[in-house]
Amino acid sequence: MLILTVENLSHSYGERTLFKNVSFNIETGDKIGLIGINGTGKSTLLRHIAEFDGGRDPVTGEPGRVVPNGACVIEYLEQNPSFEPGASVIEQIFKGNSPMMTLLRAYEKALEDTALHPEDKTVQRRLIELQQKMDQHFAWQLESEAKAVLNRLGITNFNQKMETLSGGQRKRVALAGVLVRPSDLLILDEPTNHMDNGTVAWLEEQLQKRKGALLMVTHDRYFFDRVINRTLELDRGTAYLYAANYSGFLQKRAERRELENAAARKLQNIYRRELAWISRGAEARRTKKKDRVERFAQIEAAARAKVNRQELEISSAATRLGKTVVELDHVTCIYEGIEYIHDFSYILLRDDRVGIIGPNGAGKTTLMDIIAGKLPPDTGTVTVGQTVKIGYFSQHSEFPDEDERVLEYIRDAGNYVMAADGTYISAAMMLERFLFPPELQWVPIRKLSGGEQRRLYLLHVLMEAPNVLLLDEPTNDLDIPTLSVLEEYLDTFAGAVVAVSHDRYFLDRFAKRIFAVEEGGTLRQYPGGYSDYEEILRLEALEQEEDMQAGLRNIGSPRSSRKETGKQAALEKEVSEGSGPGCGTRTGLTFSERIELEKLEEQIAGREAESKMISREIELAGTDFEKIAKLSDGLSKIEKEIEKLTERWLELSEKDG
C-alpha cells in the first residue's frame with residue numbers, strides 16, 4: 001500500500017545545489033537506504049520528508065511536495081536529536097500528543113509520585129485510575145516494550161533527566177522512542193553511529209522484523225545489505241532508485257554508469273562534428289542557422305558535464321618505516337578504580353592490520369591514546385621507533401580554528417604531498433581529489449557538513465604522510481564511497497594500521513588480526529577479520545555446550561568421586577609422559593613442533609580470511625576485468641599457500657595423534 005509520494009523536492013543554498021527534482025514513492029514494506037557522498041544532502045532530504053508541510057520545502061520554501069496517502073504517522077531519528085528540557089527518559093520515550101502517549105506519560109508520572117508520596121491517598125487514587133485506563137487501552141505491552149528496549153540499549157534509569165545524559169545516551173533514548181512509538185514510516189539518520197557490535201546486530205534484527213516502511217541513512221554496509229530492499233542514491237544532485245540492497249546496488253550502479261559512459265562517448269563524437277561545423281570561420285558563420293548554434297551550445301554544456309564526473313581518490317606515500325615500530329610491554333591503565341587495560345603486551349609489525357573491538361566504554365580509545373602517546377600508561381612501557389610517524393584519526397575532528405578556510409587548514413599539514421608514483425600533488429589538487437571543488441576550498445570549516453568535516457580531517461591526517469595509521473571509529477560520519485576508497489588506500493599503505501571499529505564490513509575488509517577487549521581490560525587476539533572472530537566464538541560456544549552436556553551425563557557415576565578423579569588424572573599424566581603401565585617410547589610432538597602447529601593454525605586462518613576478502617572484491621569488481629585478473633592472480637597464490645600450510649598441519653596433527 002502506498003504510504004506517501006515525494007514529488008520534485010529540491011534544495012540549494014547560494015550557488016550550490018544539493019539535489020533537484022527528487023521524486024519517488026514509499027510503500028508498506030519498503031526498506032529504503034539512502035546513499036551518497038557526504039555533503040550531497042542525505043540528512044537534508046530526510047528532514048524535508050519528516051517535516052513536510054504538505055506544500056513547499058520547510059527550510060527554503062523551494063517547490064516540491066511530500067504527499068501522504070491519508071493519515072501517515074512518521075517517526076524521525078535525527079543525527080543529533082533534540083529533547084524536552086526537564087523531561088525524564090521515560091517521558092521522552094512517550095512524547096507526542098496521541099491519546100496513547102499522553103496516557104503512558106501520565107501513568108509513569110503517577111508511578112513516580114506514588115514512590116515519592118506513598119501515604120498520599122489522592123496520588124494513590126490517581127494511580128489506580130490510570131491503571132484501569134491502561135487496562136482498557138491495552139497499553140501495558142507498549143510500556144513493557146519501551147523499558148525492554150531501553151534496557152537493551154544500556155539505559156536503566158527511566159526517571160533520569162535527559163539533560164544529565166551524554167550525547168550518545170540521548171541518541172539511544174531517541175532511538176528507543178522511535179522504535180517503540182507506532183508509525184507508518186520510520187526515518188533513521190545514521191542510527192548505528194557510536195554503537196558497539198552487539199547492539200548493531202540487535203538493531204539489525206529489530207528492523208528486519210519490522211513490518212512498517214523504513215527510510216534510513218547508514219554507513220554500515222553489512223547492516224545496509226541485510227536490512228535494505230531498495231537503495232536511493234544521491235549523485236551530483238540527481239536521485240536514482242534501485243530495487244536492491246547494497247550488493248545489488250553496486251552492480252546496478254556500475255551498469256548505469258557504463259550506459260552513461262557510452263552515451264558520453266557518443267555525445268563527444270557529436271560534439272566534435274558540431275565543433276568542426278561551428279568553426280568554419282566568420283564568413284561562413286553568417287549563414288549558420290540560429291537553431292544550430294543554440295544546439296551546439298547545449299551539446300557543449302552536456303559534454304562538459306559528462307566529462308567532469310568526480311570520483312574520490314586517495315593517493316599519497318607514507319614515510320619510510322624502520323625496524324622498530326611500536327612495542328607495548330605489560331601496559332596497564334586504571335581510571336577511577338576501573339582497570340580498562342590489563343597487562344597488555346604487543347609488538348606492532350610494519351605491515352600489521354589490527355582491528356580492535358569491544359563494548360562502548362571498554363577502553364578501546366584509551367588504548368589508542370596510549371599508542372599515540374597522548375596518554376601515559378599507569379604501568380608498563382611504550383616504545384616508539386625513531387622513524388615512526390603516527391597519523392591519528394580520532395573520533396572527534398580536531399580543528400584549531402573553525403573559521404579557518406578549508407585550503408588553509410590543509411596547507412597547515414603540507415603544501416604538497418608525494419604520491420606513490422613519485423609525483424608531487426598540491427594541497428589544492430588533493431582537496432579536489434577529496435571532492436572539495438575550488439569554490440568549497442575557500443569556505444570556512446564551520447560551514448561544511450559534519451560528514452564533509454570528517455573527510456577534510458582524514459585528508460589532513462594523510463597529508464602528513466604517516467607510516468603508522470591509528471583510526472578510531474573511522475566509519476562514524478564517513479560516507480560509504482569514502483570508506484570504500486579508504487579501504488583501497490589501506491590495501492597498499494606502506495605501514496602499520498590499527499583501527500577501532502564497530503563496522504563489521506570494514507573489519508572484514510582490512511583487518512588480519514582482531515583484538516577483543518574483554519571483561520577486566522584483557523585483550524584477546526583472534527586471527528582474521530570480524531567474521532572469522534564470530535566463527536571462533538560460535539565454535540567455542542558449541543564446544544562449551546557439548547562439555548556441559550557431557551558433564552551432566554557423568555554426574556552420579558562412581559568414577560566422578562574425588563579419589564577416582566585424582567587417580568585418573570595421575571594415570572593420564574603418566575601416559576602422556578610415557579611412564580605409565582604399558583607405555584613404550586613417546587611418539588608425540590617435540591616442543592618446537594607443537595609451537596609450529598599452533599602458528600600454522602593462525603597462519604591458515606589468516607590466509608583464509610585474506611582469501612575471503614579477495615573473493616568479495618572480485619564479486620564487487622563488476623566489469624573491471626583488469627582488476628578481476630589481478631585479484632584472481634593474488635587469490636591463486638594465497639590458495640596455494642593455504643594448501644601448503646594445510647599439508648604441514650595435517651602432518652603434525654597426525655604425529656600428535
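These figures come from a predicted structure and were not determined experimentally.
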* Structure fact -> Between Q79 and P81, the two heavy atoms sitting closest are O-CD, 3.5 Å
* Is the count of non-hydrogen atoms from other residues, nucleotides or ligands lying under 6.0 Å from Q208 atom CD greater than 12? -> yes
* Does a side chain donor of either S43 or D189 reach within less than 3.5 Å of an acceptor in the other side chain? -> yes
* Asked: Side-chain donor-acceptor pair under 3.5 Å between S394 and D472, yes or no?
  -> no
* Determine, stepwise, if the pair L456 / F436 fulfils side-chain contact (heavy atoms from CB on, under 4.5 Å). => CA-CA 9 Å; L456 181 67; F436 290 99; 3.9 Å; yes
* Are R538 and E535 close enough that some pair of their side-chain heavy atoms sits under 4.5 Å apart? -> yes
* **Heavy-atom pair with the smallest gap, counting every atom of S88 and N159** => CB-O, 3.7 Å
* Asked: Relative to each other, are the rings of Y489 and F493 parallel, tilted or perpendicular (30° and 60° limits)?
  -> tilted
* Asked: Should I37 and E452 count as side-chain neighbours, where that means a heavy-atom distance under 4.5 Å?
  -> no
* Asked: Between G86 and K161, what is the shortest heavy-atom contact and its length?
  -> O-NZ, 3.3 Å
* At their closest point, which heavy atom of P466 faces which heavy atom of V461, and how far apart are they? -> CD-O, 3.5 Å
* Salt bridge R411-E408, side-chain N to carboxylate O under 4.0 Å -> no
* Does any N or O in the side chain of R172 come within less than 3.5 Å of the main-chain N or O of L153, such that one atom is a donor and the other an acceptor? -> yes
* Asked: Step by step, would you call D479 with R454 a salt bridge (Lys or Arg N to Asp or Glu O under 4.0 Å)?
  -> CA-CA 9 Å; D479 54 79; R454 290 295 283 169; over 6 Å; no
* Are the side chains of F434 and I410 in touch, meaning some heavy atoms are under 4.5 Å apart? -> no
* **Test side-chain contact (heavy atoms from CB on, under 4.5 Å) applied to L470 and I390, step by step** => CA-CA 7 Å; L470 304 180; I390 293 176; 3.7 Å; yes
* Asked: With distance as the sole test, does Q169 use its side chain to make a donor-acceptor pair with the main-chain N or O of I155 at under 3.5 Å?
  -> no
* Asked: Can the ring centres of Y246 and Y222 be said to be less than 6.0 Å apart?
  -> no
* **Side-chain donor/acceptor of H502 to backbone N/O of N197, under 3.5 Å** => no
* To do: Please say whether more than 12 non-hydrogen atoms of neighbouring residues, nucleotides or ligands are located less than 6.0 Å from CH2 in W649.
  => no
* Is there a side-chain contact between N193 and E473, using heavy atoms and a 4.5 Å cut-off? -> no
* Check the side chains of S531 and E534 for a donor-acceptor pair under 3.5 angstrom, ignoring hydrogens and angles. => no
* Asked: Is R504 paired with D220 through a side-chain N to carboxylate O contact shorter than 4.0 Å?
  -> yes
* Salt bridge present between D351 and K512 (N-O < 4.0 angstrom) -> no
* Partners passing side chain to side chain donor-acceptor pair (under 3.5 Å) against Q525 (at least two apart in sequence or in another chain) -> R513
* **Short side-chain donor-acceptor distance under 3.5 Å, T366 and D369** => no
* Atom pair OH (Y457) and CG (L462), whose distance is rounded to the nearest 0.5 Å -> 11.0 Å
* Taking C-beta and beyond as the side chain, do L179 and L207 meet within less than 4.5 Å on heavy atoms? -> yes
* Asked: Could you give the distance from OG1 (T365) to NZ (K374), rounded to the nearest 0.5 Å?
  -> 11.0 Å
* Separation of L486 CG from R455 CZ (nearest 0.5 Å) -> 12.5 Å
* Distance-only donor-acceptor check, side chains Y526 and R524, under 3.5 Å -> yes
* Lys/Arg N to Asp/Glu carboxylate O, E641 vs K644, below 4.0 Å -> no
* Asked: Checking T646 side chain against I642 main chain: does a donor-acceptor pair fall under 3.5 Å?
  -> yes
* List the steps and the verdict of side-chain contact (heavy atoms from CB on, under 4.5 Å) for I445 and Y409. => CA-CA 8 Å; I445 293 170; Y409 170 71; 3.7 Å; yes
* To do: Could you tell me whether the side chain of T199 reaches within less than 4.5 Å of the side chain of D196, counting heavy atoms only?
  => yes
* Taking atom types as modelled, is there a side-chain donor on E518 or T522 under 3.5 Å from an acceptor on the other? -> no
* Answer yes or no: are there more than 12 heavy-atom neighbours, outside E84 itself, under 6.0 Å from its atom CD? => no
* Asked: Salt bridge or not for E487 and R221, using N-O below 4.0 Å?
  -> yes
* **Side chain proximity check, L203 to L175, heavy atoms < 4.5 angstrom** => yes
* Asked: Which value, rounded to the nearest 0.5 Å, describes the distance between L539 atom CG and E543 atom CD?
  -> 8.5 Å
* Distance in Å, L483 CG paired with Y505 OH, rounded so as to fall on 0.5 Å steps -> 10.0 Å
* Structure fact -> In short, A516 meets Y533 closest at the heavy-atom pair CB-CE1, 4.1 Å
* Asked: Hey, does the side chain of K364 reach the backbone of P359 with a donor-acceptor pair shorter than 3.5 angstrom?
  -> yes
* In this structure, are over 12 heavy atoms from other groups packed under 6.0 Å from I334 atom CD1? -> yes
* Please check if any side-chain donor atom of E639 sits under 3.5 Å from a side-chain acceptor atom of S611, or the reverse. => no
Pairs of donor and acceptor atoms involving the side chains of residues 322-332, under 3.5 Å and at least two apart or interchain, shall be tabulated with distances.
residue	atom	partner	partner atom	Å
H330	ND1	D343	OD1	2.7
T332	OG1	D343	N	3.1
T332	OG1	T379	OG1	3.1

* **Where Q453 and L448 come nearest, the two heavy atoms and their spacing** => NE2-O, 3.6 Å
* Under the 3.5 angstrom rule, does the side chain of D508 hit a backbone N or O of Y530 as a donor-acceptor pair? -> yes
* Asked: Roughly how far, to the nearest 0.5 Å, is NE2 of H219 from CG of D503?
  -> 10.5 Å
* Measure from the side-chain N and O atoms of R170 to the backbone N and O of L165, and report whether any donor-acceptor pair falls under 3.5 Å. => yes
* Can you check whether L188 reaches V217 side chain to side chain, under 4.5 Å on heavy atoms? -> no
* **Check against side-chain contact (heavy atoms from CB on, under 4.5 Å), D352 and V498** => CA-CA 8 Å; D352 255 346; V498 181; over 6 Å; no
